[in-house]
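Input: a single structure, listed below in structure tokens.
In what follows, chains are A, B, ... by sequence order, proteins preceding strands, each numbered from 1.
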There are 2 protein chains.
Amino acid sequence: MKNAVPFAAPTFSPLYRQIRALITRSLESGEWRPGEIIPSEAELASRFGVSQGTVRKAIDEMAAENLVVRRQGKGTFVSTHMDPDSYSRFLRLAANEGKLQAPTSVPLECWRAKAGADVARTLAIEAGAAIIIVRRLLRSGNVPAVFDEIYLPGELFPDLTLDILKSADISLYSLFESRYGVYPVRADERLRAVAADRVSARVLQVAEGSPLLLVERVTLTYGDKPVEWRRAYYSTQDFHYHSELG
Amino acid sequence: MKNAVPFAAPTFSPLYRQIRALITRSLESGEWRPGEIIPSEAELASRFGVSQGTVRKAIDEMAAENLVVRRQGKGTFVSTHMDPDSYSRFLRLAANEGKLQAPTSVPLECWRAKAGADVARTLAIEAGAAIIIVRRLLRSGNVPAVFDEIYLPGELFPDLTLDILKSADISLYSLFESRYGVYPVRADERLRAVAADRVSARVLQVAEGSPLLLVERVTLTYGDKPVEWRRAYYSTQDFHYHSELG
DNA sequence: CAGTGGTCTAGACCACCTC
DNA sequence: AGGTGGTCTAGACCACTGA
């Protein structure tokens, strides 16, 4: 009867999950930012008044979800998209033959608009709110690979322009982090096959109507808050989308 | 200098990984089969002469990879595809709107052939070795969703026929397990967009040449041994392939 | 060398399941 | 009541990093 409660159960969580929630809150609040080191397990343990093993288990879970990265001998670091090693953490592009040539990003267009019903719902903003639309091309060794159409909430990216995109790095998300303090944490993708329309056919240099792999991505930050909606058209003559199932 | 060795390093692994390897070997050898319970952590600890915590960590890893499933109060069980809860562990099919109707499998054809170069390489068998080719349709609420063309090494599935497939369950993998002792553990998928050929267009009831999502899957059992090669054509008018990125 | 995460142990208690 | 996995602790030692 120890856990008995009137009405709905509050679903007690173990200590290490509460610790995890506390650490996550510090991430959200920006106490430790992506790329930075977080306090040692021993220090967190004494701060929260629990054993090191409990902190360890909390961090283990967060490391499993790529929220943080452990480095033996150095410490534990907040995950970032600016680290070259995890530049393209969310990119599942691979070459049909051989290894994928390092992809390069070519920003094409960037303009402002008002959110339609679909975009507003997906980004959890008001219909009619300001949004930014970006189009860009991803090339791999001079071969067009992916054509992206990206929808961003204007509020989070106040001054974004094509020039800024052009001067930025290949990883859009490293720009999100460094310039706007927006930290992509995870993403959800829906894959379909579609016929190339005129625009994507021209950009990807394929025949209009030829089959393209459409990848719709909703990118989320801490607290599952959406920060990006993206439609990516993959040219799959020379490339494919790689997925591992366990 | 403790770990110094002449020539290439043997890459010492921690105790819990060695324990994990021992447990995995017992799975491979069939000492405990899918669906069955494995010995308790305490018993494994005493059997291997290590602490329960070490066994726990080994099993933790295996549970994270879906090799085993923990059930509090009951025990730890070898993962199976026969459990209704994990019928479609490898299926990423989802409905564009609403929830996916429970899919049903319709076996269409089943014949024997000799492995060509491609199939032989993928299945790691000799070119010219006996293979079995299966075609089937997956429907969701009477709507055609996925057309599968499946290549199997003949050696592993000696007596497979269309009749057996027809009398089997929705999950092909539950048949693999129950009738042939073949246990799919993980899979690797390559996704592309292609134009529907005559056969798949007819089966999926779409126009010839319309875009389809092609999912090529290599299915592996213990020790990363390939046991199946599959080409799946997804009709993505009403459905999509769902992928989560962390 | 000191500091970090990584491993391993032993023991206590809790939550859940079955008999 | 007895068995299982789940949590939590405390302490020891190892492996890696950088000053």
Sequence neighbours excluded and cut-off under 3.5 Å, please list the side-chain donor-acceptor pairs for residues 93-103 of chain B, or say none.
residue, atom, partner, partner atom, Å
B:Asn96, OD1, A:Arg192, NH2, 3.4
B:Asn96, OD1, B:His240, ND1, 2.9
B:Asn96, ND2, B:Gln237, O, 2.9

Using a cut-off of 4.0 Å between protein heavy atoms and nucleotide atoms, how would you tag nucleotides 1-8 of chain C 5' to 3' with B, S and -? --BBSBBS
Between the side chain of A:Glu65 and the main-chain N/O of B:Gly246, is any donor-acceptor distance below 3.5 Å?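 Absent.
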Please list, chain by chain and in numerical order, all residues satisfying side chain to side chain donor-acceptor pair (under 3.5 Å) with A:Ser105, sequence neighbours excluded.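 A:Ser105 satisfies side chain to side chain donor-acceptor pair (under 3.5 Å) with A:Arg136 once adjacent residues are dropped.
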Under 30°, 30 to 60°, or over 60°: which ring-plane class applies to A:Phe157 and A:Tyr180, parallel, tilted or perpendicular?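 Answer is perpendicular, since the angle exceeds 60°.
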Are B:Tyr173 and B:Glu228 linked by a side-chain donor-acceptor pair shorter than 3.5 Å?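 Yes, side-chain donor-acceptor contact under 3.5 Å.
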